[in-house]
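Worksheet: the structure to be examined is printed underneath.
Everything quoted here is computed from the prediction, not taken from an experiment. No hydrogens, no waters, no symmetry mates; every other heavy atom, side chains included, goes into these values. Note that ligands are numbered from 1 as they come in the structure, with each ligand's atoms numbered from 1 the same way.
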Amino acid sequence: MNWLEEETGAGRVLPPHTFILFGATGDLARRKLFPALYSLFLDKRMPEQFAVVGVARKSYTADSFRQELRAAIEEFARDTVKADTWEDFAAHFSYCPVDVRKAEEFVKLNQHVEEVEQQFGLPQQRVFYLAMAPEFFGEVALHLYDSKLSQVSGWRRLIIEKPFGRDLASAEVLNSQLREVFEEEEIYRIDHYLGKEMVQNIEVLRFANSIFEPVWNNRSIANVQITSSETVGVEDRASYYDKAGALRDMVQNHMLQMVMMVAMEPPSRLKTEAIRDEKVKVLRSLRRFTSEDISEHVVRGQYAAGFDMKGNAAPGYRDEHGVDPASNTETFIAARLSIDNFRWAGVPFYIRTGKRMGAKATEIVIQFKDMPRMYFNTHGELLPNLLVIHVFPEEGISIQLNAKRPGTDGTVVPVSMEFSQEPDNSPEAYERLLYDGIMGDSTFFTRWDEVSLAWKFVDPIANAFRAGTPPISSYASGTFGPKEADKLVEEDGFRWWPVTGQTVTLAEKPEQRPGHPVI
Ligand SMILES: NC(=O)C1=CN([C@@H]2O[C@H](COP(=O)(O)OP(=O)(O)OC[C@H]3O[C@@H](n4cnc5c(N)ncnc54)[C@H](OP(=O)(O)O)[C@@H]3O)[C@@H](O)[C@H]2O)C=CC1
Ligand SMILES: O=C1O[C@H](COP(=O)(O)O)[C@@H](O)[C@H](O)[C@H]1O
């Protein structure tokens with residue numbers, strides 16, 4: 001399924017297994033996991049022998065659980081329900097009501113799983129997926145051990161959702177709880193950005209094309225910009241988000257993962273650990289901020305009232321349901337990162353992410369250095385070459401070049417070469433990650449040293465935020481963050497390149513939009 005197909009044997013049917021889904025009545029299961037399992041089934045990647053056991057407190061029967069399953073798939077799956085195979089698919093699903101805080105209920109779950117394994121003739125190959133609040137992870141692992149559910153004659157894997165702790169100390173505690181029961185190789189920490197088509201494609205782009213490697217360094221690249229902008233606000237997640245903020249919710253994981261994918265060295269082999277080793281080296285080289293220099297490199301913002309994408313009035317963050325009216329939680333963050341190694345010394349990596357912004361987009365822009373001030377660029381009039389990796393909503397790459405406008409006196413204009421694919425045709429991130437996780441390929445999961453180094457980078461910033469540094473700036477809903485974020489880039493002589501869907505103002509000439517130039 002991923003580009004390691006050759007190496008890992010991926011692309012094959014998954015091995016027989018029992019998928020024990022904790023949090024089976026929750027939002028993630030309904031919106032992402034059930035649809036992903038269904039797509040894998042329709043793609044004939046699920047083996048004939050598999051079973052899914054839903055676990056949560058609600059009192060479903062197998063039948064009512066299957067009705068919920070169908071409703072979720074009808075609402076969220078990219079495939080429509082196929083009447084001829086539905087019963088076959090649904091027959092693999094059962095439900096066991098369990099309150100995970102009650103150790104004794106795991107005895108019942110153990111019996112249920114053993115019965116299901118007998119019914120389907122399954123070897124003891126178990127995937128435990130924790131789609132529930134992280135505060136339960138340690139306890140669940142312990143009860144899995146005590147109830148002997150985790151003791152198997154075959155293999156076992158633990159797939160866990162983010163967030164992995166809220167700082168280094170809590171992540172270490174959580175990790176040691178998990179490690180009492182599972183080996184590091186058995187733990188699959190999900191970062192769903194690593195399941196996105198174009199995030200996985202970064203490595204292919206870089207290491208399968210000889211034109212990029214010679215210029216992928218500080219001799220040719222002026223800066224890198226990584227944007228993940230969202231149009232939604234906090235929605236109904238205030239109880240989590242108001243304590244997390246954009247720094248923990250997006251930067252500690254997704255944004256740093258994208259930085260690693262762009263900046264890593266070529267791995268010695270296309271093997272999971274070799275790749276993860278190179279990613280970790282990027283985090284080791286990432287310059288940590290001191291309390292003195294955070295204000296210089298980090299901007300934080302919070303959305304004020306404005307408009308949503310439909311043009312309806314939208315409340316400010318502090319007026320959202322469940323948010324502390326005096327909250328200083330950041331809903332936007334921009335930062336200038338420095339990677340202190342030979343390849344990247346002197347190249348700023350700008351990142352920005354936020355809620356209730358003017359477009360939903362994830363893009364990585366590699367801006368190349370300007371041409372010398374001669375010939376066509378005497379007054380610096382040429383636009384720089386840009387390589388844009390479109391992660392969302394488009395999936396593809398575009399390269400901005402300068403060329404002569406056909407049939408003119410030699411006017412030079414920016415033109416774009418684009419490769420894009422229909423996002424609807426590519427598997428969802430969760431489909432890839434479920435496949436890889438069940439297959440036992442952890443390449444696109446987060447290793448513990450990545451998590452811990454990411455927290456080491458983030459913790460000083462979180463501490464500064466707590467102390468009121470830098471001051472939080474307000475931005476109107478529907479815009480691209482506070483003006484301080486623009487200054488961060490402009491003071492280095494650059495500008496943020498608009499992302500797909502960003503309203504281009506007169507000040508931002510349309511032809512300057514990467515990937516969408518007007519000839
Ligand atoms: N939703 C999303 O899009 C995303 C979610 N995540 C992460 O996934 C995880 C789950 O999120 P989400 O699905 O949104 O959360 P929900 O609150 O929607 O679901 C939580 C689930 O946990 C179950 N649960 C709660 N308490 C217990 C208990 N004591 N014993 C047994 N089951 C319990 C609930 O079922 P019941 O009440 O029936 O017991 C429910 O099935 C979180 O870690 C979240 O951060 C990550 C990325 C995206
Ligand atoms: O993990 C998270 O990601 C989503 C954004 O994911 P995307 O795939 O839609 O870009 C974000 O909304 C959420 O707050 C965060 O927890």
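In this structure, Asp324 has no side chain to side chain donor-acceptor pair (under 3.5 Å) partners at least two apart in sequence or on a different chain. Every residue was checked against the side chain to side chain donor-acceptor pair (under 3.5 Å) condition with Gln252, not counting sequence neighbours, and none meets it. Taking the side chain to side chain donor-acceptor pair (under 3.5 Å) definition, one finds that Trp86 meets it with nothing, sequence neighbours left out.
Closest to atom 21 (C) of ligand 1 among all protein heavy atoms lies Gly23 CA, 3.6 Å. The closest protein non-hydrogen atom to atom 20 (C) of ligand 1 is Ala131 O, 4.2 Å. Among protein heavy atoms, atom 34 (C) of ligand 1 sits closest to Thr25 OG1, 3.7 Å. The nearest heavy-atom contact from the protein to atom 4 (C) of ligand 1 is Leu28 CD1, 3.6 Å. Nearest non-hydrogen protein atom to atom 19 (O) of ligand 1 is Gly26 CA, 3.4 Å. In this structure, the protein non-hydrogen atom closest to atom 15 (O) of ligand 1 is Asp27 N, 4.5 Å. Taking atom 7 (C) of ligand 1 as the reference point, the nearest protein heavy-atom neighbour is Lys162 O, 3.6 Å.
Atoms of ligand 1 lying under 4.0 Å from any heavy atom of Asp99, numbered from 1 in the order shown and given with element: 28 (C), 29 (N), 30 (N). In the vicinity of Pro163, heavy-atom distances shorter than 4.0 Å reach the ligand 1 atoms 45 (O). Annotation for ligand 1: atoms under 4.0 Å from non-hydrogen atoms of Arg101 are 29 (N). Counting the atoms of ligand 1 from 1 in the order shown, those under 4.0 Å from a heavy atom of Val98 are 30 (N), 31 (C). Here is the list of ligand 1 atoms found below 4.0 Å of a heavy atom in Pro134: 43 (O).
Contacts between Met132 and ligand 1, counted as non-hydrogen atom pairs separated by less than 4.0 Å, involve both the backbone and the side chain.
With respect to Asp449 and Arg447, a salt bridge is recorded, a charged nitrogen being found less than 4.0 Å from a carboxylate O. Here Arg78 does not pair with Glu428 in a salt bridge; the nearest charged N to carboxylate O distance is not below 4.0 Å. Under the 4.0 Å criterion applied to side-chain N and carboxylate O atoms, Asp27 and Arg30 are not assigned as salt-bridge partners. Arg189 has a carboxylate O that lies under 4.0 Å from a charged side-chain N of Glu184, or vice versa, which qualifies the two as a salt bridge. Using a 4.0 Å cut-off between a side-chain N of Lys or Arg and a carboxylate O of Asp or Glu, Lys196 and Glu395 do not qualify as a salt bridge.
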Go through the steps to decide whether Arg356 and Glu320 satisfy the test salt bridge (Lys or Arg N to Asp or Glu O under 4.0 Å), and finish with yes or no. CA-CA 12 Å; Arg356 206 56 89 50; Glu320 296 271 26; 2.8 Å; yes

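Within the structure, ligand 1 has Phe136 among the residues with a heavy atom less than 4.0 angstrom away.
For the pair Ser229 and Ala359, the tightest heavy-atom approach, listed with the atom from each and the gap, is OG-O, 2.7 Å.
The closest heavy-atom contact to atom 46 (C) of ligand 1, among the options Glu161, Arg31, Glu135, comes from Glu161. Looking at Arg30, Lys32, Arg57, it is Arg57 that brings a heavy atom closest to atom 39 (O) of ligand 1.
Using a 4.5 Å heavy-atom cutoff, the side chains of Val282 and Leu286 are not in contact. At a threshold of 4.5 Å between non-hydrogen side-chain atoms, the residues Gln257 and Glu450 count as touching. Phe307 places none of its side-chain heavy atoms less than 4.5 Å from the side chain of Thr479.
Side-chain atoms of Asp249 and Tyr240 form a donor-acceptor pair, as typed in the model, at a separation below 3.5 Å.
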For ligand 2, list all ligand N or O to protein N or O distances below 3.5 Å, rounded to 0.1 Å.
| unit_1 | atom_1 | unit_2 | atom_2 | d |
| --- | --- | --- | --- | --- |
| ligand 2 | 1 (O) | Lys162 | NZ | 2.9 |
| ligand 2 | 1 (O) | His254 | NE2 | 2.7 |
| ligand 2 | 6 (O) | His192 | NE2 | 3.2 |
| ligand 2 | 8 (O) | His192 | NE2 | 2.8 |
| ligand 2 | 8 (O) | Lys196 | NZ | 2.7 |
| ligand 2 | 9 (O) | Lys360 | NZ | 2.7 |
| ligand 2 | 10 (O) | Tyr193 | OH | 2.5 |
| ligand 2 | 10 (O) | Lys360 | NZ | 2.9 |
| ligand 2 | 12 (O) | Glu230 | OE1 | 2.5 |
| ligand 2 | 12 (O) | Glu230 | OE2 | 3.2 |
| ligand 2 | 12 (O) | Lys355 | NZ | 3.2 |
| ligand 2 | 14 (O) | Arg237 | NH1 | 2.8 |
| ligand 2 | 14 (O) | Asp249 | OD2 | 2.6 |
| ligand 2 | 14 (O) | Lys355 | NZ | 2.9 |
| ligand 2 | 16 (O) | Lys162 | NZ | 2.9 |
| ligand 2 | 16 (O) | Arg237 | NH2 | 3.0 |
| ligand 2 | 16 (O) | Asp249 | OD1 | 2.6 |
| ligand 2 | 16 (O) | Asp249 | OD2 | 3.4 |

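Just one residue in the list Tyr475, Phe480, Tyr317 forms a ring-ring contact (aromatic ring centres under 6.0 Å, His included) with Phe332, and that residue is Tyr475.
Checked by distance only, ligand 1 and Val100 come closer than 3.5 Å through their nitrogen or oxygen atoms.
The protein does not reach atom 17 (O) of ligand 1 closely, with no heavy atom under 4.0 angstrom from it.
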